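Order of the sequence lines sets the chain letters (A, B, ...), proteins ahead of strands, with each chain counted from 1. Predicted model, so just to flag it, every value in this text is computed and none were measured. Side chains included, hydrogens not; waters and symmetry mates left out as well; all remaining heavy atoms used.
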Amino acid sequence: MNELAKTFSPREVEDKWYEAWLSNNCFDRVIDPSKPSFCILIPPPNVTGVLHMGHLLNNTLQDLLIRYARHSGKSALWVPGTDHAGISMQVRVEKELAKKGIDKKDIGREKFLKQASLWRDEHGGIIFKQLQKLGVSCDWKNMKHTLDTDYSRGVLTAFVELYKRGYIYRGRRMVNWCPVSLTALSDEEVKMMPQTSKLYYVKYELVERPGEHITVATTRPETIPGDVAVAVNPNDERYKDLVGLHCMRPLSKVSIPIISDEAVVKDFGTGALKITPAHDQVDFEIGQKHNLEIIDVLNPNGTLNEHGGEWCGMDRFDARIAIGKRLKKIGLLVKEEEYENNVGFSERGNVPIEPKLSEQWFLRYPKVKEAKAVVSEGLIKFYPERWTKIYLHWLDNIQDWCISRQLWWGHRIPVWYRKNSDRSDSKNWHVSVDGPVDKENWSQDEDVLDTWFSSWLWPFGVFGWPDRNKMAESGFDYFFPTDDLVTGPDIIFFWVARMIIASLEFIGDEKASLTLEEMKNRIPFQSVCFTGIIRDSLGRKMSKSLGNSPEPLDLIEKYGADGLRIGLLLIAPYGQDVLFDEERIVQGRNFCNKLWNGARFRLMQQSNYDKTDLPGLIGKVDRLESDDQAILLQLVKCKQDLDTYMAKYEITSAVQCIYNFFWNSYCDWYVEISKHRVQRGERNALIVHDIVMRQVLLMLNPFIPFITEELWHACGYAKENSFIQYEYCERASDLMLLFEPLKLEEKSLLEAKQRRDFVNACRLLLSQNKHIPSKSAKIIVKLRDGNSKKLFSESLGNVLNINAMEFSDRELSLPATISDIGTIYIDTSGTSIASLQTRRDKILREIGELNKLIAINEGKLNSADFTKKAPKNVIDGARRLLENNIEKRDALEKILASL
RNA sequence: GGGCGGCUAGCUCAGUUGGUUAGAGCAACUGGUUUACACCCAGUAGGUCACAGGUUCGAGUCCUGUGUCGCCCACCA
């Protein structure tokens, strides 16, 4: 084998291996009934999206889970795909057209869609090229897009089915209207933002008692032309005698009634509320109850309409100020005060949404009860678990979903209206996927469906639902229910909850309600792993305007995909946001380099045996030293911990246990202690190194796929034409079985620890006697009773790099320290002791510490309460500790006396 | 207004059902290139576990309250 370079250079290996994996179809879906299946569906990014930090974490995690599943002997499938992103995509295309001076209305729907598709095909899919740099192992041959023909059929089928089943209806209701994108939005797309507004107190003159007024408080004077009443609480003494009278709506001067309604809060403002049913949900409900007229004063784009009189055409916010001024001028404004309130904003348009009465399609959610049950009964598990509460709370308060959007880009609603007939009468509707045969007599609904109405079908839509043949071909029956979903909690309602509902409704036969047993086969996934948000090191969200987001591809360039992946996982605390700091990715890169050098160390020794198979390697061992046994046992423990953490999605802990095993236990200790044997070419030692390296590479492969693939081949562990990712990674129990002939002894672990403690103690002693050059230092050990010299080997001297080590059976008057093995002295004969005082101080400090601990334990043991009530093992522990500490203290005191 | 989460070393985080002396990485400081690695090795220092009560033989861990930062939900205009 060629010698490796001194430093790992990611660039040289990454592209090479990714290409090899692709050309060998490594990521293809394989329907193999002899294996358990494992499936993840990518949360579809926007088709024209580019990779950002959030994707980086999210996809690293998914790739990790997929590759980990492969190593566990499963047939793993990761389905990639994109979302058509209705509003944002339409806005972008409109902007592109505007640059060319084109208004979408001029070119019409057909041409616009053609343009949009062209633009998508040109700019789409960039994100997947970027993800490939990260090493993700998706089934690229089966990319899905929500506007694909077959997927679209699924979307329309879902609409038609839900309509037939009575869940979809058309209604004239108050919706969230975005005056910028000119479409209705769902409740979930509205973000509440605290705003400093003005509360205007406006006098309405009483019709029946001229000269007297009732004062209302409002933040929205521009809607006064739409006022149809003033309402007070029926129990409000102040206004009791006014109910039933009328007052004069300001500006346009129309007499409107004063009514009473429970919904009015007495102690807000003046206790009198102006009622504008067209522009407020509460007002609308009151209006319905009292049979009031509805006067819409706004145009769709947020300007005042003809009802606005002289302010007609003015933007709602300008009109607010203008009307406020006018009210003041005509003496109807009592006062205005600053006021903090929450205003709903459109996420896309970033402007306040307008509650607007409009005719839309709504969905009453099916299977709500079942959707709650599958999570609360644990059929679907959330990680971290706390999200279940939030999920259940949402379902408890679920509102009908406004699914129609006044856009062109998306799935056009499959409803046709008979021409020249009453649209409001459902007798004149035709609802089907393919439309009526005599299309010329019908006109299709102009609107499209909310993008999420297609995304919520993702778990089965990607398998070709509802086409049974396509589903069979794509392995639906094998892979569904899928296993893990990795996503952010920000879309728990938008997407996660709705996917659960959709799957429960559409998978299997139509049924109004389901038993738990039936639900088991209908859930879309079994676990949901919620990731945190990536923030900058100051805890701020990453955003374009702040410019605090690094470019993911630059990071890959700088640290390597592997270094970035493992670095990111190391700093992502379970279930919490990630504070990203580029310096911390350095740790990931350094780890990769350490791994590289671990392999490099091994490769400096030739060996002629076959290394492609673990049982084979084990079979070649004829004798193991205690250190060898210990590292193999630690290897088993490491794999066990890794699996435990992975099962809980505690990824950082999973990374950390391999990191610690490899760096701390293997490199820092085992490599050093066995170095002289390796350099001598001792076969048993080499084999142990191979066993450990082999398993380390296997365990690490899901985290850092490129470097492990490279080293797997470089070290000669690869069978011909094979890749590491398809090797089975033995579980802890497998390893124990395979290691059985080696007769590994548990006590080797303790011995290794004792040796290590001993070495640490020696090192401390040496560092405290720096005047003695270590090469000429001599260590003398007085063994503690019961310990044997067998604990020692020449390796200890090598690790310590000292001149000599001797044993003594009596106490000596030399600088010393205590370890479990015994008292350690350093021979200072022939040198002057310069640091005696420092040494003395140090020992005094240690004795002080020990005395404190002794006092604590004595106190405990002397307390009758403690000895009476505490369990035996705790008491024994305390006693043992006390004895140990006393022994240590006494020994130190002897040393002190001898100095 | 309701709910959730965080608060542990300078920084970022671990800390299982309460039980021996609260840990790790990074940063800091000290020393070190013997042929895996300076993207390294050895070591040192650093903590009133946000605060106040309570339960307990024993609390970072459980209970109550407070503070603080951050999320989510909610129709007081």
Side-chain angles (χ1 to χ4, degrees), chain A residues 4 6-8 174 192 199 216-220 231 263-270 272-276 280-285 339 341-342 344 355 384 386-387 389-390 393-394 397 489-490 492-493 533 537 539 559 563 570-579 581 583-584 586-604 650 652-653 656 659-660 664 667-668 671-672 675 678-679 759-760 763-764 766-768 770 774-775 798 801 849-850 852-853 856-857 860 863-871 873-882 884-885:
Chain A
L4 298 177
K6 210 168 174 182
T7 310
F8 170 54
M174 194 61 75
M192 297 309 276
L199 195 55
V216 303
T218 179
T219 52
R220 304 201 57 190
V264 180
V265 178
K266 278 197 286 187
D267 49 12
F268 184 88
T270 61
L273 172 66
K274 75 184 197 61
I275 303 298
T276 321
D280 185 276
Q281 179 69 34
V282 176
D283 291 12
F284 177 73
E285 280 160 20
Y339 177 63
N341 65 341
N342 284 327
R386 68 184 137 89
W387 294 109
K389 229 180 186 175
I390 290 168
H393 180 257
W394 183 74
N397 298 284
D490 49 331
I492 189 168
F493 311 136
I533 299 168
S537 56
Y559 303 102
L570 270 167
I571 62 172
Y574 175 66
Q576 275 165 247
D577 290 351
V578 180
L579 298 196
D581 192 336
E583 278 181 30
R584 303 182 64 195
V586 171
Q587 195 185 348
R589 181 207 53 186
N590 291 356
F591 179 73
C592 292
N593 193 54
K594 187 72 181 175
L595 183 67
W596 184 261
N597 275 286
R600 191 163 168 257
F601 170 74
R602 170 63 192 85
L603 287 176
M604 286 181 162
E650 290 180 31
T652 306
S653 302
Q656 241 149 25
Y659 186 100
N660 289 339
N664 193 275
C667 292
D668 288 349
V671 167
E672 293 305 323
K675 199 172 241 174
V678 170
Q679 284 167 349
V759 167
N760 287 341
R763 278 172 176 158
L764 185 62
L766 287 164
S767 75
Q768 281 159 352
K770 281 188 208 115
S774 70
K775 274 176 200 165
N798 282 330
N801 190 29
E849 286 297 314
L850 285 169
K852 257 193 251 167
L853 297 176
I856 290 171
N857 275 296
K860 256 191 206 169
S863 143
D865 275 337
F866 178 71
T867 48
K868 213 160 54 191
K869 294 182 186 168
N873 63 326
V874 173
I875 299 172
D876 289 349
R879 196 160 285 141
R880 216 168 29 245
L881 188 67
L882 179 65
N884 257 331
N885 284 333

### Message
Between A/Ala272 and A/Lys6, which residue's closest nucleotide on RNA chain B lies nearer the 5′ terminus?
### Response
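The 5'-side residue here is A/Lys6.
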Using the side-chain heavy atoms of [X], tell me which of these nucleotides is nearest: [options].
X        : options             : answer
A/Lys860 : B/U20, B/C75, B/A77 : B/U20
A/Gln587 : B/A77, B/G19, B/G25 : B/G25
A/Pro573 : B/A77, B/C13, B/C72 : B/C13
A/Asp865 : B/C57, B/A77, B/G6  : B/C57
A/His393 : B/U21, B/C73, B/C57 : B/C73
A/Thr218 : B/U21, B/G3, B/A77  : B/A77
A/Arg386 : B/G25, B/G5, B/C57  : B/G5
A/Ala870 : B/A14, B/A77, B/C57 : B/C57

Can you tell me the pairing partner of [N] across any strand shown, Watson-Crick or G-U wobble, with both distances under 3.5 angstrom?
N     : result
B/G53 : B/C63
B/G58 : none
B/U68 : B/G6
B/U20 : none
B/G1  : B/C73
B/A45 : none
B/C40 : B/G32
B/G25 : B/C11

### Query
Would you call the rings of A/Phe268 and A/Tyr339 parallel, tilted or perpendicular if under 30° counts as parallel and over 60° as perpendicular?
perpendicular
What's [X] touching, base or sugar-phosphate or nothing? Going by heavy atoms closer than 4.0 Å.
X        : answer
A/Pro489 : nothing
A/Gly598 : base
A/Leu853 : base
A/Val216 : nothing
A/Ala217 : base

#### Entry: Check: A/Arg386 side chain, A/Gly575 main-chain N or O, donor-acceptor pair, under 3.5 Å
yes
### Query
If only atom types and distance count, is the side chain of A/Asn593 paired as donor or acceptor with the main-chain N or O of A/Arg589 below 3.5 Å?
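Not confirmed, A/Asn593 side chain does not pair with A/Arg589 backbone.
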### Message
Do A/Tyr574 and A/Thr652 have side chains that approach each other closer than 4.5 Å (heavy atoms only, starting at C-beta)?
### Response
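No, side chains not in contact.
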[atom1] gap between [N] and [M], integer Å:
N     : M     : atom1 : answer
B/U17 : B/U21 : C1'   : 22 Å
B/G23 : B/C49 : C1'   : 12 Å
B/C72 : B/U61 : C1'   : 27 Å
B/G53 : B/G60 : P     : 15 Å
B/C40 : B/C4  : P     : 44 Å
B/G6  : B/C13 : C1'   : 12 Å
B/U12 : B/C7  : P     : 11 Å
B/U8  : B/A14 : C1'   : 10 Å

### Message
Ignoring hydrogens, what is the shortest heavy-atom contact between A/Pro355 and A/Met174? Give both atom names and the distance.
### Response
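What the structure gives for the nearest pair is C-SD, 3.7 Å.
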Starting from [atom2] on [N], measure out to [atom1] on [X] and report it in whole angstrom.
X        : N     : atom1 : atom2 : answer
A/Glu650 : B/A24 : CD    : P     : 19 Å
A/Tyr659 : B/C13 : OH    : P     : 17 Å
A/Asp581 : B/C11 : CG    : C1'   : 9 Å

### Task
Do nucleotides 39-45 of chain B as a string where each nucleotide becomes B, S or -: B if the base has a protein heavy atom under 4.0 Å, S if just the sugar-phosphate does, - if no protein is that close.
BSSSSSS
